[in-house]
Amino acid sequence: MKIHEFQAKDILKQFGIPVPQGMVASTSAEAKAAADELGGKVVVKAQIHAGGRGKGGGVKLAGSADEAKKHAEDIIGMQLVTHQTGPEGQKVKQVLIEEATDIDRELYLGIVLDRATSSLTIMASQAGGMDIEQVAEETPEKILKEKIDPGIGLQAFQARRLAFGLGLEGDAFKQGAGFIATLAKAFEATDCSLAEINPLVVTGDNQVVALDAKMNFDDNALYLHKDIQALRDTDEEDPLEVEASEFELNYIKLDGEVGCMVNGAGLAMATIDIIKYAGSSPANFLDVGGGTNVERVRNAFRILISDEDVKAVFINIFGGIVRCDRVAQGVVEALATLDVNVPLIIRLQGTNAEEGAKILDESDLEFTVALELREAAEAIASTVKAA
Ligand code: GDP
Ligand code: MN
């Protein structure tokens with residue numbers, strides 16, 4: 001789960017990490033009042049769940065409260081396009097009004113789960129700010145890394161080594177090492193999946209401050225953190241993914257044209273692979289789960305079909321615990337209430353496959369049956385081409 005910058009800064013503040021003073025505003029009048037309270041010289045920052053706001057015109061400096069009000073008028077309600085939003089952009093509902101910081105240097109600090117080493121890794125760089133992706137691509141040697149041993153946690157010497165590598169000196173060195181250690185602690189305590197401070201700034205008077213903050217959380221651990229769960233903003237999420245989560249369906253929107261309904265994450269991934277292999281491309285990942293029933297299949301199918309990119313649907317079920325007849329029943333019921341005019345390719349194998357096939361045969365559905373995965377993928381590719 002993702003949260004907004006101001007929410008991440010609230011959390012970091014609770015752990016003792018220095019962040020600029022700020023307030024959230026959802027109208028330009030509120031923005032002006034906040035700017036007045038903060039002394040007039042402020043930054044107006046669009047709050048959306050995507051980075052790259054600065055380059056997209058979503059972060060603006062103001063010299064006075066009136067100017068802050070003007071910026072807020074421009075930013076609130078705008079459709080902010082960044083390299084992370086896609087071309088349609090994301091609508092800005094609120095801005096963070098923050099006291100302006102006097103920046104000497106912009107650094108980068110991030111913690112991610114490194115799947116190759118199965119451990120958290122801290123990354124730091126002197127080349128922080130808005131072009132960190134380019135730095136990672138063109139001059140990866142400028143990014144320092146420390147692996148956190150899961151058995152013992154981040155060691156003090158590692159934090160100092162990073163602070164040294166960031167070129168911090170005097171007060172800023174001590175603060176920086178403390179900052180890094182605290183961020184690691186906050187990451188673990190809140191079950192983050194990603195924490196990124198970009199930029200981490202050194203101010204004109206040699207203080208270290210988190211000027212931006214991004215925190216993502218492990219969905220599977222959210223039940224342990226009701227306070228964090230409450231920060232969810234579904235307006236920022238894909239509407240179909242939000243709906244799918246209400247039915248506990250594991251649905252992820254992709255950018256292809258074949259709608260896939262599959263049981264089991266492993267089979268879903270194999271299905272995506274084989275669709276690609278046959279020359280077509282999946283519109284989604286959808287795992288209806290191991291013990292699915294008619295109702296979930298019906299909802300899954302409805303969500304799948306509501307995606308306008310879908311040109312063909314592939315139902316690929318391997319009946320183990322899930323029974324093929326139930327899946328078939330769900331599909332038939334779903335189609336009775338939906339206006340579906342894309343071709344259907346169905347592969348049912350395993351428990352009660354014959355009963356399932358019978359239910360489909362007796363319905364007035366039009367569909368293609370495939371028994372083998374490869375055969376199914378080829379049928380889909382040619383169907384999509386024909387459509
Ligand atoms: P992002 O573009 O979405 O990552 O948004 P950031 O919060 O990182 O802001 C983008 C850039 O705006 C930063 O890299 C800074 O250069 C600039 N910026 C943000 N806040 C301040 C501030 O208080 N003072 C100054 N001078 N620049 C700021
Ligand atoms: Mn940033």
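What you see is a predicted model, and the numbers here were worked out from it, not measured in a lab. Numbering of ligands and ligand atoms starts at 1, following listing order.
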Report, in ascending order of atom number, the atoms of ligand 1 lying under 4.0 Å from any heavy atom of [X].
X      : value
Ile103 : 24 (N), 25 (C), 26 (N), 27 (N), 28 (C)
Ala100 : 23 (O)
Lys45  : 6 (P), 7 (O)
Val43  : 20 (N), 21 (C), 22 (C), 23 (O)

Which residue owns the protein heavy atom closest to [atom], what's the atom, and how far is it?
atom                    : value
atom 14 (O) of ligand 1 : Glu106 OE1, 2.8 Å
atom 21 (C) of ligand 1 : Leu211 CD2, 3.6 Å
atom 10 (C) of ligand 1 : Met130 SD, 3.8 Å
atom 12 (O) of ligand 1 : Val59 CG1, 3.7 Å
atom 6 (P) of ligand 1  : Asp212 OD2, 3.5 Å
atom 1 (P) of ligand 1  : Arg53 N, 3.6 Å
atom 23 (O) of ligand 1 : Thr101 N, 2.8 Å

statement: Only residue of Glu5, Gln94, His4 satisfying side-chain hydrogen bond (donor to acceptor under 3.5 Å, both in side chains) with Gln47 is Glu5
task: Using a strict cut-off of less than 4.0 Å between a Lys/Arg side-chain nitrogen and an Asp/Glu carboxylate oxygen, indicate whether Lys253 and Asp309 qualify as a salt bridge.
output: yes
field: For the Mn ion (ligand 2): the N/O/S atom of Asp212 at shortest distance
entry: OD2
field: Any N/O pair Gly52/ligand 1 closer than 3.5 Å
entry: yes
- line: Rounded to the nearest 0.5 Å, the CG atom of Leu80 sits from the CD1 atom of Ile75 at a distance of 8.0 Å
- prompt: CD of Glu236 to OG1 of Thr85: how many Å apart, nearest 0.5 Å?
  reply: 10.5 Å
- line: Note: Leu61, heavy atoms under 4.0 Å from ligand 1, region reported as side chain
task: Scan the protein's non-hydrogen atoms and note whether one is under 4.0 Å from atom 17 (C) of ligand 1.
output: no
- prompt: Ignoring hydrogens and geometry, is there a side-chain-to-backbone donor-acceptor pair from Gln126 to Gly165 under 3.5 Å?
  reply: yes
task: From the options Gly54, Pro20, Gly51, select the one whose nearest heavy atom is closest to atom 2 (O) of ligand 1.
output: Gly54
